[in-house]
Amino acid sequence: METFQSKNGLSVAAYQGDAMTLLAFDLDKSKTANFTGFSIKVTPPGLQPYYLFNRLSYPSTITYPASTNANLITTEFSPIQKFRWVHVPATNHNIDSPIFGTYTYEISARYLISNALQPIDPAMTITVSISVCPFKSNALQIGFTRSFIASQAYVQNFGNTVNLRPKAGQPGFGELIFDTTLNAGSVVRTVNGAPTTYPYSYEEMYEWLGWQARQRVYDFLAEVLKDPTISLDVFAFDLDEPTICNQLLTLVDQDRIRVILDNSSTHVGKSKAGIVQFEDQFETLFNARAVGKDNAKILRGHFQSLAHSKVLIQKKGGAAIKVLTGSTNFSTNGLYVNANNVLIFDDVNVAALYEQVFEASFTGMATFKNSTLASTSFNFNCPDQPNNVTDANVPAMTIRVSPHPLAFATAELNGLADEVLKASSNVLFAIMDDKSKSPLLAAVLKQVQSDTIFTYGITDTSTLVLLYKPDSKTGIHVTGKGLNQKLPPPFDAEPAIPGISIHHKFVVVDFNTDHGVVFCGSSNLALGPEQANGDNLLEIRDKDVVTAFAIEAIRLVDHFQFRDKSNTASQSSTALQLHTDNTWVTPYYDPADLLFKERTLLVSDPA
């Protein structure tokens, strides 16, 4: 969903994502003399309005309109010097109580004349309203983690240390399941001018970091626990999130769960700290509680390499009714460190497919690669394709499950690569690894280095980092690791990320068009893993779904590109400040610059 408003040469487009909004702005070139940025005022449903934060402010030579509360870190007095912004509620405001519903955004073009910031002009202010809520379209829900340990918001809310599980000497250390209401740390916040220490629990930190992905998993399991007629089948790779594990073991007690749990090398034995791997702990607890049960069963295995899917399947009366999939491992890292996604299909046809895969894996993991399931593209609402199911509840999409034979895996990735190379407008992505042999990954990297379309993406680690270059249309490719922890003023130092930062595996092609598509799921999108890992890969052709993933890619690139060690600005010891002239505006109106592409791509009248 998107909404568009325009007046007096100012235009605003607002795009709905998963509990977030992409705001994009345009300004007629004739209006850019003395232009200094955009102020963004937000009014959540039932609450008082506030201005979004901008960590950068003007030098001390600037004067401001009279105000009883001149908070210079807000965009009222420090306008955003960009032509777009992704707003995620509860990042800095109302962090303990996210508010969903219709949000109103007031976007004002601001002007700086003779070193004086001019008052907000109602004639140059546009108001747009859009729903800000968890993503749901018919039978499909989507959820993203926040992935913001390396952020000013994390430091403000939780301090500069990361303690995701109890450390040595603390209650619960080394245990799979522990009390998440225990104290995890404290932070000093300034309230009414006075520093105040606020302790916080693991639960409070988890809720903020896990954001919508965590809530979707918790809701899914709560439905099972509430209804004794529902049973659960589980594919798990990493498995150590304490509340999730406790809920799964409760279902063992109730004799209504089966689990396929990976037993590749990182999930067996002891860790470097001498702790029994959490997956082994889970198996031991499961087996002890399954004694005398008829239906509770666990299978440890890893196909040819990994049992890499992260899937929950609800069944009622023996038939699958609902399924959760995506990139998110059911672990503390998966939900609270990694950038991840979950997709939930409340649809019997999609759930039945995943249940077929579970049954075939549970009874024949070693031979799954040779099954019909492993060599079939399962189509939904694609009438010109074989194996098609017409189902008005779900978008047009294709689902493939692996491990595949070589020929099928090659054809699959070649087909996806061809779509990337034929993109007419844009390619956006967030992928964990871009170094593996893969025609799809090669196509993505080729497009990033091209200047024919708009490209914007992030990888966890990469040898190819392309930051914004003035006077160039080449795309942007940043990393989520290898970050600067110490940032220049006015930014606080940020903690290191304890593990993988970008764990997504998605590529968006032609967002904001009627033919857009997103490739997503648990697959690492590489030729080797597609032949060896138990995985699932989805192609979804729905404008709203594609938009949600595109906004997530933009959010992550915006957040991490400043922190990249290749970014000279992030290594400066000089305080960063807002521009007092409008030289920052020029690239947005230069057809030879990537920012021109960005501005003209994002602001369009959907009519």
Side-chain angles (χ1 to χ4, degrees), residues 23 25 27 31-42 50-67 69-87 91-93 107-121 124 148 150-156 160 190 467-471 476 478 483-494 555 557-590 593-595 598-599:
L23 298 166
F25 324 123
L27 188 64
K31 302 278 188 178
T32 58
N34 301 312
F35 173 60
T36 191
F38 297 97
S39 294
I40 306 175
K41 188 178 183 180
V42 181
Y50 58 82
Y51 282 90
L52 295 187
F53 286 161
N54 185 2
R55 303 288 174 180
L56 302 183
S57 57
Y58 291 112
S60 59
T61 52
I62 301 301
T63 59
Y64 299 91
S67 173
N69 181 28
N71 187 349
L72 298 186
I73 70 167
T74 73
T75 62
E76 181 180 9
F77 300 100
S78 298
I80 289 170
Q81 293 185 336
K82 297 175 68 170
F83 276 67
R84 57 166 169 70
W85 195 259
V86 177
H87 172 232
T91 298
N92 294 301
H93 301 84
I107 314 301
S108 302
R110 303 298 301 276
Y111 292 86
L112 192 68
I113 300 175
S114 300
N115 281 344
L117 180 65
Q118 303 302 296
I120 288 176
D121 181 358
M124 294 303 294
F148 259 25
S151 73
Q152 297 297 291
Y154 179 89
V155 173
Q156 174 187 334
N160 198 22
T190 300
L467 300 175
Y468 166 71
K469 298 176 184 177
D471 306 315
I476 290 177
V478 301
L483 306 176
N484 280 310
Q485 292 174 243
K486 186 176 182 180
L487 301 172
F491 296 90
D492 295 320
E494 296 174 352
R555 177 183 78 94
V557 176
D558 284 353
H559 179 73
F560 283 101
Q561 67 172 324
F562 171 68
R563 292 159 176 79
D564 199 293
K565 285 187 176 178
S566 300
N567 189 339
T568 55
S570 69
Q571 301 178 56
S572 170
S573 59
T574 305
L576 299 180
Q577 296 178 320
L578 293 175
H579 294 269
T580 55
D581 57 26
N582 68 352
T583 55
W584 68 274
V585 178
T586 303
Y588 285 96
Y589 296 86
D590 179 0
D593 197 289
L594 181 69
L595 296 181
E598 175 188 288
R599 178 178 65 87

Legend entry - All ring-ring contact (aromatic ring centres under 6.0 Å, His included) counterparts of Tyr588, not counting sequence neighbours: Phe83
Legend entry - Validation row: Tyr58, Leu112 side chains within 4.5 angstrom (heavy atoms): yes
Legend entry - Smallest separation among heavy atoms of Phe53 and Gln156, with atom names: CE1-OE1, 4.3 Å
Inset, instruction - Report yes if some heavy atom in the side chain of Tyr50 is under 4.5 Å from a heavy atom in the side chain of Thr74; otherwise report no. - result: no
Legend entry - Separation of Phe560 CZ from Ser151 OG (nearest 0.5 Å): 8.5 Å
Legend entry - pair Ile62-Thr580: side-chain heavy atoms closer than 4.5 Å: yes
Legend entry - Side chains of Glu494 and Tyr154 in contact at under 4.5 Å (non-hydrogen atoms): no
Legend entry - Any donor-acceptor pair under 3.5 Å from Gln118 side chain to Arg110 backbone: no
Inset, instruction - State, yes or no, whether a side-chain contact exists between Tyr51 and Pro79 at a heavy-atom distance under 4.5 Å. - result: no
Inset, instruction - Check whether any side-chain heavy atom of Ile73 sits under 4.5 Å from a side-chain heavy atom of Ser57, and report yes or no. - result: no
Legend entry - Reported OG1-to-CG distance for the pair Thr586 and Leu595, which is rounded to 0.5 angstrom: 11.0 Å
Inset, instruction - State the OG-CG distance between Ser39 and Asn54, to the nearest 0.5 angstrom. - result: 9.5 Å
Legend entry - Close side-chain approach of Met124 and Leu27, heavy atoms under 4.5 Å: yes
Inset, instruction - State whether the side chain of Thr75 and the backbone N or O of Ile40 hold a donor-acceptor pair below 3.5 Å, judged by distance alone. - result: yes
Legend entry - Asp564 side chain vs Val478 backbone, donor-acceptor pair below 3.5 Å: no
Legend entry - Any donor-acceptor pair under 3.5 Å from Gln81 side chain to His579 backbone: yes
Legend entry - Spatial distance of atom CG (Leu117) from atom OG1 (Thr63) [nearest 0.5 Å]: 8.0 Å
Inset, instruction - Locate the shortest heavy-atom distance separating Ala493 from Asn160; write the atom from each residue and the value. - result: O-OD1, 3.3 Å
Legend entry - Whether Tyr64 and Phe77 hold their rings parallel, tilted or perpendicular, with breakpoints at 30° and 60°: perpendicular
Inset, instruction - Looking only at non-hydrogen atoms, find the nearest pair between Gly37 and Trp584 and report the distance. - result: N-CZ2, 3.6 Å
Inset, instruction - Ignoring hydrogens and angles, state whether a donor on the side chain of Tyr468 or Asp593 is under 3.5 Å from an acceptor on the partner side chain. - result: yes
Inset, instruction - Could you tell me the separation between the CZ atom of Arg55 and the CG atom of Leu576, rounded to the nearest 0.5 Å? - result: 13.5 Å
Legend entry - Main-chain N/O of His559 paired with Gln561 side-chain donor or acceptor, under 3.5 Å: no
Legend entry - Side chain proximity check, Lys82 to Asp558, heavy atoms < 4.5 angstrom: yes
Legend entry - Test log, rule side chain to side chain contact (heavy atoms under 4.5 Å, CB included), inputs Phe38 and Leu52: CA-CA 11 Å; Phe38 297 97; Leu52 295 187; over 6 Å; no
